[in-house]
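Below: the structure, in structure tokens.
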Amino acid sequence: IRLQEGLKDLGLKSVDSDVNFILFKGHDDLYDRMKEQGILIRNCDNYEGLGTGWYRIAVKLPDENTELLRTMNEVLGKE
């Protein structure tokens, strides 16, 4: 829930999930921008029914989730 709330705070729409990953809609170039920062997120634009700008992230340890959100905040210019 904390990770989903963090995505929401960044202005990103996520799909409710009961598993250890979260599907969300972000900027079209988010994958490349996160990769430049050394963080990989799953680009889901080739998933049937989805398109450009859909990504999946794994729910990890609290410190790792904090780092993910901090980097996303930086990359998206919210800091």
request  = Not counting sequence neighbours, which residues clear side-chain hydrogen bond (donor to acceptor under 3.5 Å, both in side chains) with Arg2? List them please.
outcome  = Thr66

key: Cluster overlap Leu23 with Leu3, hydrophobic side-chain contacts below 4.5 Å   = no

Which donor-acceptor pairs under 3.5 Å do the side chains of residues 34-59 make with protein atoms, sequence neighbours left out?
from	atom 1	to	atom 2	distance (Å)
Asn43	OD1	Asp45	N	3.1
Tyr47	OH	Arg56	NH1	3.2
Tyr55	OH	His27	O	2.7
Tyr55	OH	Asp28	O	3.0
Tyr55	OH	Leu30	N	3.4

key: Matching residue for Leu12 among Lys25, Met72, Gln4 - test: side-chain contact (heavy atoms from CB on, under 4.5 Å)   = Met72

task = Drop me the distance from Leu69's CG to Leu7's CG, to the nearest 0.5 angstrom.
result = 6.0 Å

query = Taking only residues two or more places apart in sequence, or in another chain, which ones meet Glu64 in a side-chain hydrogen bond (donor to acceptor under 3.5 Å, both in side chains)?
reply = none

